[in-house]
> 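This is the structure I have questions about; it appears just below.
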Amino acid sequence: MAFPLRKLELRPLGNTGLRLSCVGFGASPLGNVFGAVSENDAVASVREAFRLGINFFDTSPYYGGTLSEKMLGKALKAAGVPRNEYIVSTKCGRYVDGFDFSAERVTRSIDESLARLQLDYVDILQCHDIEFGSLDQIVNETIPALQKQKEAGKIRFIGITGLPLEIFTYVLDRMPPGAVDVILSYCHYSINDSTLEDLLPYLKSKGVGVISASPLAMGLLTDNGPPEWHPASPELKSACKAAAARCKEKGKNISKIAMQYSLSNKDISSVLVGMNSVKQVQENVTAASELALFGKDQEALTEVEAILKPVKNQTWPSGIHQS
């Protein structure tokens, strides 16, 4: 590494009292979601994350059909770090065989997750991609069921996740204060789409912590480009490809610029990015360290923003059902 890495900044998460590393370890790749990851690589990645100051790890039973949870559990155990020194988030309601936000299923789900993770409790349990279920069921059945698990000591805090931003206001406006502790939004705080920013004052007023995932917009803001299944429009894909090429011409890396863009908003507690190797962990922490030391590469960012301006805040469809 070119210079000694600084310990990552820890940021408060809403009213929870938790302090999350500004870079969060997304464990979906440990479920072989983007190609095979050996147990040795998973363990080495998590060890390196701890060494460089990452204390927040996020997974779900959906990732790799429960494999991500199992691999993360093994890696955390192998690392031997005291349980009170790291924060684990997993999810419920979305599984390989579909969605089920019923009280019975999510109650069973937490026990299954704890067994796979080899933990007595998780710090955060999130209802996963709630736009694909009934938002009224989330309000009236799912979250009340999770509150019972909170009282039982199996989870410390409750969250909701999804793509359309309006799902968060729909649920939060119908719940008593403090019922939902955290939201996880993805693909809405990156260079091509910063619409989450408009929601931050509202979330702050509700005392809700904010985690933002996918700063690279699910592969759009990378040299390799997005996977074939990516739902973005051809115009958006093309603009991102042009921006990546322009960065490369200038000897810059669009992924680092994108990561630093997302990290620069301190109202976001943690930027969650998928990692499956020591190298990826080091690259993400380096981006954060360089940002802390030198600030954003404003010249490169301005060029990228200019290329993406015609497609700025162009999102893609997601299923949303409110009944």
Side-chain angles (χ1 to χ4, degrees), residues 16 24 26-28 30-31 33 57-70 72-73 87-117 119 121-152 154-176 178-188 203 208-214 218 272 274 317-323:
T16 63
S28 68
L30 303 189
V33 175
F57 299 84
D58 176 87
T59 182
S60 165
Y62 175 66
Y63 302 147
T66 73
L67 182 60
S68 169
E69 284 188 324
K70 288 173 190 160
L72 180 60
I87 294 154
V88 176
S89 166
T90 193
K91 306 183 183 80
C92 65
R94 183 169 200 180
Y95 311 98
V96 167
D97 56 359
F99 293 87
D100 187 344
F101 292 102
S102 67
E104 186 275 329
R105 183 66 187 99
V106 300
T107 301
R108 193 157 35 95
S109 188
I110 182 57
D111 288 327
E112 293 165 354
S113 289
L114 290 175
R116 288 189 287 263
L117 287 162
L119 298 174
Y121 67 90
V122 289
D123 300 277
I124 306 166
L125 187 73
Q126 311 196 66
C127 306
H128 195 176
D129 290 342
I130 60 173
E131 68 267 29
F132 291 102
S134 154
L135 297 187
D136 292 325
Q137 182 186 30
I138 299 293
V139 169
N140 299 315
E141 183 180 348
T142 317
I143 291 172
L146 296 187
Q147 284 169 326
K148 288 181 182 167
Q149 298 305 299
K150 193 174 179 177
E151 287 159 20
K154 293 178 184 179
I155 61 181
R156 294 175 68 198
F157 301 104
I158 295 167
I160 51 178
T161 88
L163 182 66
L165 294 175
E166 60 268 25
I167 61 175
F168 300 124
T169 49
Y170 187 94
V171 171
L172 291 169
D173 283 346
R174 288 161 178 76
M175 300 296 310
V180 175
D181 303 291
V182 56
I183 67 112
L184 191 160
S185 167
Y186 69 99
C187 291
H188 286 307
L203 294 167
V208 172
V210 181
I211 297 162
S212 180
S214 206
M218 301 196 308
L272 194 57
S318 181
I320 179 161
H321 312 283
Q322 293 185 349
S323 58

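One is the number of the first residue; the rest follow in order along the sequence.
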> If the condition is side chain to side chain donor-acceptor pair (under 3.5 Å), which residues does Asn140 pass it with, not counting sequence neighbours?
none
> List the atom of Arg174, the atom of Val139, and the distance in Å for their closest heavy-atom pair.
O-CG1, 3.8 Å
> Compare all side-chain heavy atoms of Lys150 with those of Asp181 and state whether any distance is below 4.5 angstrom.
yes
> Holding to side chain to side chain donor-acceptor pair (under 3.5 Å), I want the full list of residues that pass it with Thr66, two or more places apart in sequence or in another chain.
Lys70
> Please name the residue in the list Ser89, Cys92, Ser109 that meets the side chain to side chain contact (heavy atoms under 4.5 Å, CB included) test with Leu125.
Cys92
> For Leu135 and Ile130, work out which heavy atoms get closest and say how close.
CD2-O, 3.5 Å
> Is the shortest heavy-atom distance from the side chain of Ile160 to the side chain of Ile143 under 4.5 Å?
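Result yes, sub-4.5 Å side-chain heavy-atom pair found.
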> Tell me, please, which residues at least two apart from Ser212 pass side chain to side chain donor-acceptor pair (under 3.5 Å).
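Scan of Ser212 (side chain to side chain donor-acceptor pair (under 3.5 Å), adjacent residues dropped) gives none.
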> Taking side chain to side chain donor-acceptor pair (under 3.5 Å) as the test, write out the residues that go with Tyr121, two or more places apart.
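Side chain to side chain donor-acceptor pair (under 3.5 Å) check on Tyr121 returns nothing, list empty.
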> Ser68 side chain to Ala27 main-chain N or O, any donor-acceptor pair under 3.5 Å?
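Judged by distance alone, yes, a pair lies under 3.5 Å.
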> Lys154 versus Asp111: any side-chain heavy-atom pair under 4.5 Å?
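Heavy-atom side-chain distance check passes, below 4.5 Å.
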> Partners of Ala103 by side chain to side chain contact (heavy atoms under 4.5 Å, CB included), sequence neighbours excluded?
Glu141, Ala145
> Using modelled atom types and a 3.5 Å cut-off, is there a donor and acceptor pairing between side-chain atoms of Glu131 and backbone atoms of Ile167?
no
> With a 4.0 Å cut-off on N to O distance, would you call Glu112 and Arg105 a salt bridge?
yes
> List in chain and number order the residues that pass side chain to side chain contact (heavy atoms under 4.5 Å, CB included) with Phe99, two or more places apart in sequence or in another chain; answer none if no residue qualifies.
Arg94, Phe101, Asp129, Phe132
> Just checking, is any N or O donor in the side chain of Asp100 or Ser102 under 3.5 Å from an acceptor N or O on the other one?
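Yes - a donor-acceptor pair under 3.5 Å links their side chains.
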